[in-house]
Amino acid sequence: MTLHIYNTLTRQKEVFRPIIQGNINMYVCGVTVYDLCHIGHARVLVAFDVIARYLRSQGWNLNYVRNITDIDDKILNRADENAELYSVLTERMIDAMHEDERLLGILPPDMEPRATAYIDEIIAMVGVLIDKNHAYAAENGDVYYRVSSFSDYGKLSKRNPEDLLIDARIDMNLSKEDQRDFALWKSAKTEEVSWNSPWGSGRPGWHIECSAMSTCCLGATFDIHGGGPDLPFPHHENEIAQSEAATGEKYVNYWMHAGAVRVDDEKMSKSLGNFFTIKEVLKKYHPEIIRYFLLSSHYRSPINYSEKSLIEAKTGLERFYMTLRQFPDVQSLPLNDLKNRKYYKCFILAMNDDFNTREALAVMYDMIRQINTLAVTDKAEACLLVGELKTLGDIFGILDSNPEVFMQGGTIVDALDSISSSEIEALISERITAKKNHDFLDADRIREKLLAQGIVLEDSREGTSWRRG
RNA sequence: GGCGCGGUGGCAGAGUGGUCAUGCAGCUGACUGCAACUCAGUGUACGCCGGUUCGAUUCCGACCCGCGCCUCCA
């Protein structure tokens with residue numbers, strides 16, 4: 001039952017071996033806060049949230065660090081466009097991000113370092129790189145990393161440094177010794193946000209903040225470094241170059257990258273403008289539906305965001321809640337009580353295989369069928385299984401809503417626009433009276449009327465319950 | 001062009017050298033006043049061509065197709 005993780009560095013699944021027994025240090029590249037978070041951010045956030053929850057559930061002592069990049073060209077440009085202070089912009093976006101996380105049930109990381117709080121450490125690291133001849137201050141005031149000085153350059157993204165040379169940009173930067181070199185420190189133009197440094201006032205380049213913050217928070221070498229699909233090159237490649245050149249140690253043991261989110265089968269990107277913010281999506285779908293959608297395929301696979309796939313996620317989750325509805329009082333079981341339980345072991349097997357949430361979900365569906373069968377034959381065993389299921393739900397951050405509320409809420413916006421609960425209840429009691437009088441024509445008329453408004457009635461021995469379809 | 005990923009049944013999506021993924025949708029039966037829910041049963045599958053093998057969807061090679069990164073993007 002060992003944990004296997006797919007490592008981008010070696011392009012294969014490897015047995016996970018921690019640096020210090022029982023401990024895991026994990027750094028995930030967070031958000032550059034110049035705009036609202038979109039569904040792509042949600043994927044990375046949820047994926048690593050579940051990974052963190054799972055690792056902790058298995059007894060690992062996890063230190064989870066996720067940074068915030070709050071100084072960068074995009075931020076300065078946006079603040080300029082908005083005619084506001086860059087820090088006003090970043091504070092607003094950080095608040096918005098935290099709200100998104102809270103709504104999506106994403107647990108806060110243990111540390112959330114911000115680039116602007118680590119300027120001294122960044123400057124120190126740049127200094128070390130210059131001292132070691134891995135970087136140089138150009139006459140324009142910028143400091144560049146000397147790519148040719150790092151023989152392992154390209155090892156993560158499997159790029160040949162020679163090829164990158166041929167590939168050099170059309171807009172040549174004459175201050176660079178080599179067009180592949182990238183900025184560690186950017187000199188300030190007039191009236192720009194800046195900090196003093198040995199190379200004049202300026203600000204950090206992209207990449208160096210993550211090297212500095214991860215090293216400060218977790219040490220020169222740590223276990224896991226994660227991020228989005230577009231980060232292996234150049235961001236993480238450059239992080240490796242910076243950190244390994246500065247410390248002389250291996251930077252990261254396991255690199256993990258999430259797959260891309262596509263929208264209606266097209267690449268989602270800022271330039272295409274086809275991205276959805278988390279806030280937009282949350283207006284239409286319950287947060288757990290979004291989590292379920294994200295977990296319904298493996299974290300490395302591309303995933304397609306569409307109306308259809310979200311509705312499918314909704315239907316899938318409803319199957320769980322339909323069952324949970326029969327056991328409103330059952331709580332999650334302590335993990336220790338599950339160690340020898342059949343389904344739990346299957347779940348662990350799936351998750352230990354590079355966090356195969358889809359496979360794990362299949363186990364949970366097996367449990368549902370089992371619970372529905374036992375619900376009439378062996379209530380006590382059914383309750384045990386429900387507790388077990390809810391514990392697994394806790395690891396995924398789902399199944400924690402009140403089933404009745406979940407089923408009756410439907411999609412959030414729809415629920416607000418349509419028929420109210422009290423109207424529904426009134427019609428249901430009207431129908432019960434009709435049924436008692438064997439006036440099935442009238443009873444069916446009421447049921448049809450509600451169905452036309454998306455309300456599905458379910459009769460059982462205990463009475464009639466309803467849900468928004 | 002360089003590097004990399006993938007093509008699974010109506011759809012979504014796991015996985016495996018020779019028995020089941022799973023969910024949705026479909027069909028049949030049970031339950032129900034009729035439905036819905038639920039349960040039981042059931043059908044359809046591994047891009048194409050070769051090779052290895054007793055046997056390949058799974059391993060190897062070629063081909064076709066789709067996608068990603070190489071530029072800001074999680």
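In what follows, every chain begins at residue 1, and chains take the letters A, B, ... in the order their sequences are listed. Please read these numbers as outputs of a predicted model, since none were measured by experiment. Side chains included, hydrogens not; waters and symmetry mates left out as well; all remaining heavy atoms used.
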> Which atom names give the shortest non-hydrogen contact between A:Leu62 and A:Met26, and what distance separates them?
Replying inline: CD1-CB, 4.0 Å
> Any side-chain N or O of A:Lys267 less than 4.0 Å from the OP1 or OP2 oxygen of B:rC67?
Replying inline: no
> P atom, B:rA62 versus B:rA25: distance in rounded Å?
Replying inline: 43 Å
>> A cation-pi test, strictly: NZ or CZ of A:Arg159 under 6.0 Å from the centre of the six-membered ring of A:Phe233 and no more than 45 degrees from its axis. Yes or no?
In response: yes
> Where the side chain of A:Arg447 is defined as all heavy atoms beyond and including C-beta, which of B:rG15, B:rC3, B:rA35 is the nearest nucleotide?
Replying inline: B:rA35
> Rounding to the closest angstrom, what is the interatomic distance between B:rG43 and B:rA21 at atom P?
Replying inline: 10 Å
> What nucleotide, of B:rA74, B:rC69, B:rC37, holds the atom closest to the side chain of A:Arg159?
Replying inline: B:rC69
> Considering only the C1' atoms, how many Å lie between B:rA56 and B:rG17, rounded to the nearest integer?
Replying inline: 6 Å
> Looking at the side chain of A:Thr32, which of B:rA74, B:rG68, B:rG15 is the nearest nucleotide?
Replying inline: B:rA74
>> Side chain of A:Ser297 only, heavy atoms from C-beta on: which candidate in B:rG33, B:rC39, B:rG13 is closest?
In response: B:rG13
> Should the ring pair A:His236 and A:His257 be called parallel, tilted or perpendicular, given that the plane angle runs from 0 to 90° and is split at 30 and 60?
Replying inline: tilted
> Between B:rG33, B:rA74, B:rC39, which one does the side chain of A:Arg319 approach most closely?
Replying inline: B:rC39
> For A:Arg43, which contact category applies under a 4.0 Å heavy-atom criterion: base, sugar-phosphate, or nothing?
Replying inline: nothing
> Checking all strands, does A:Ser465 fall into the base, sugar-phosphate, or nothing category for heavy-atom contacts under 4.0 angstrom?
Replying inline: nothing
> Toward the 5' end of RNA chain B, which comes first, A:Tyr299 or A:Arg11, by nearest nucleotide?
Replying inline: A:Arg11
> Looking at B:rU38, B:rG23, B:rC73, which one has an atom nearest to any side-chain atom of A:Asn372?
Replying inline: B:rU38
>> Heavy atoms only, 4.0 Å cut-off, all strands: where does A:Gly259 land among base, sugar-phosphate and nothing?
In response: base
>> Give me the distance, rounded to whole Å, that separates B:rG6 from B:rC39 when you measure between the P atoms they each carry.
In response: 35 Å
> Base, sugar-phosphate, or nothing for A:Leu231, non-hydrogen atoms under 4.0 angstrom?
Replying inline: sugar-phosphate
> Nearest-Å distance, NZ (A:Lys186) to P (B:rC72)?
Replying inline: 9 Å
> Would you say the side chain of A:Asn356 and the base of B:rG15 hold a donor-acceptor pair, judged only by whether the two atoms sit under 3.5 Å apart?
Replying inline: no
Restricting both atoms to N or O, compile the protein contacts to nucleotides 19-22 of chain B shorter than 3.5 Å, with distance only.
| unit_1 | atom_1 | unit_2 | atom_2 | d |
| --- | --- | --- | --- | --- |
| B:rU22 | O2 | A:Arg358 | NH2 | 2.9 |

> At their closest point, which heavy atom of A:Asp70 faces which heavy atom of A:Ile75, and how far apart are they?
Replying inline: C-CD1, 3.4 Å
>> In this structure, how many angstroms lie between the P atom of B:rC37 and the CD1 atom of A:Ile455, rounded?
In response: 15 Å
> Atom CG of A:Asp264 and atom P of B:rA12: how far apart are they, to the nearest Å?
Replying inline: 13 Å
> Nearest to the side chain of A:Phe233 - B:rC69, B:rA74, B:rC3?
Replying inline: B:rC69
> Tell me: NE2 of A:His298 to P of B:rG7, nearest whole Å?
Replying inline: 13 Å
Kindly give the atom pairs (protein nitrogen or oxygen, nucleotide nitrogen or oxygen) under 3.5 Å for nucleotides 26-29 of chain B.
none

> Contact class for A:Ala260 (heavy atom, under 4.0 Å): base, sugar-phosphate, or nothing?
Replying inline: base
> Does the side chain of A:Arg431 get closer than 4.0 angstrom to OP1 or OP2 of B:rC34 through an N or O atom?
Replying inline: no
>> Main chain of A:Asp72, side chain of A:Arg203: is a donor-acceptor contact present, judged purely on distance under 3.5 Å?
In response: no
> If the C1' atom of B:rA40 is compared with that of B:rC31, how far apart are they to the nearest Å?
Replying inline: 11 Å
> Which part of the nucleic acid, if any, lies within contact of A:Met364, taking any heavy atom under 4.0 Å across all strands shown: a base, the sugar-phosphate backbone alone, or nothing?
Replying inline: nothing
> To the nearest angstrom, how far is A:Met322 atom CE from B:rA36 atom C1'?
Replying inline: 9 Å
> For the residue pair A:Tyr251 and A:Phe222, does the interplanar ring angle fall in the parallel (under 30°), tilted (30 to 60°) or perpendicular (over 60°) class?
Replying inline: perpendicular
> Does the ring centre of A:Phe276 sit less than 6.0 Å away from the ring centre of A:His38?
Replying inline: no
> In residues 92-108 of chain A, what residues come within less than 4.0 Å of RNA chain B, judged by heavy atoms?
Replying inline: none
> Taking the six-membered ring for Trp, are A:Tyr285 and A:Phe293 ring centroids under 6.0 Å apart?
Replying inline: no
> Taking all non-hydrogen atoms of both residues, which atom of A:Glu209 and which atom of A:Thr69 are closest, and how far apart?
Replying inline: OE2-OG1, 3.0 Å
>> Contact between A:Tyr54 and A:Phe355 at the side-chain level, heavy atoms closer than 4.5 Å - yes or no?
In response: yes
Contacts table for residues 375-383 of chain A: side-chain donor-acceptor under 3.5 angstrom, sequence neighbours left out:
| unit_1 | atom_1 | unit_2 | atom_2 | d |
| --- | --- | --- | --- | --- |
| A:Asp378 | OD1 | A:Ala380 | N | 3.4 |
| A:Asp378 | OD1 | A:Glu381 | N | 3.2 |
| A:Glu381 | OE2 | A:Arg341 | NH2 | 3.3 |

>> Give me the atom names and distance for the closest heavy-atom approach of A:Cys29 to A:Cys210.
In response: SG-SG, 3.8 Å
>> Using atom C1' in both nucleotides, what's the gap between B:rG47 and B:rU58 to the nearest angstrom?
In response: 15 Å
>> Assess the residue pair A:Phe406 and A:His286 against the criterion (ring-ring contact (aromatic ring centres under 6.0 Å, His included)); give the C-alpha distance rounded to whole Å, side-chain angles, the decisive distance to 0.1 Å, and a yes or no.
In response: CA-CA 8 Å; A:Phe406 182 90; A:His286 186 108; 4.8 Å; yes
> Quick one: A:Leu451 CG to B:rC34 C1', roughly how many Å, whole number?
Replying inline: 14 Å
>> Distance check needed: B:rA36 P versus A:Glu448 CD, whole Å only.
In response: 11 Å
> Can you list the stems that include RNA chain B, where a stem is three or more consecutive Watson-Crick or G-U pairs with distances under 3.5 Å?
Replying inline: B:1-7 with B:64-70, B:10-12 with B:22-24, B:26-30 with B:38-42, B:49-51 with B:59-61
> Which is true for A:Ser301 with a 4.0 Å heavy-atom rule: it touches a base, it touches only sugar-phosphate, or it touches nothing?
Replying inline: sugar-phosphate
> Where each residue is assigned the nucleotide of RNA chain B containing its nearest heavy atom, which of A:Glu458 and A:Ala258 is assigned the position nearer the 5′ end?
Replying inline: A:Glu458
>> Whether the side chain of A:Arg43 engages the backbone of A:Ala260 through a donor-acceptor N/O pair (distance < 3.5 Å, no angle test) should be reported.
In response: yes
> Taking atom C1' in both B:rC48 and B:rU57, what distance in whole Å separates the two?
Replying inline: 13 Å
> Rounded to whole angstrom units, what separation is found between the OH atom of A:Tyr153 and the P atom of B:rC70?
Replying inline: 12 Å
> For A:Glu404, what residues pass the salt bridge (charged side-chain N to carboxylate O under 4.0 Å, His left out) criterion, not counting sequence neighbours?
Replying inline: A:Arg325
>> Angle between ring planes, A:Tyr145 versus A:Phe150, binned at 30° and 60°: parallel, tilted or perpendicular?
In response: perpendicular
>> Between A:Ser401 (side chain only) and A:Pro403 (backbone N and O only), is there a donor and an acceptor less than 3.5 Å apart?
In response: no
> For the residue pair A:Lys390 and A:Val330, what are the closest heavy atoms and their distance?
Replying inline: CD-O, 3.5 Å
> Roughly how far apart, to the nearest Å, are B:rC60 and B:rG18 at atom P?
Replying inline: 16 Å
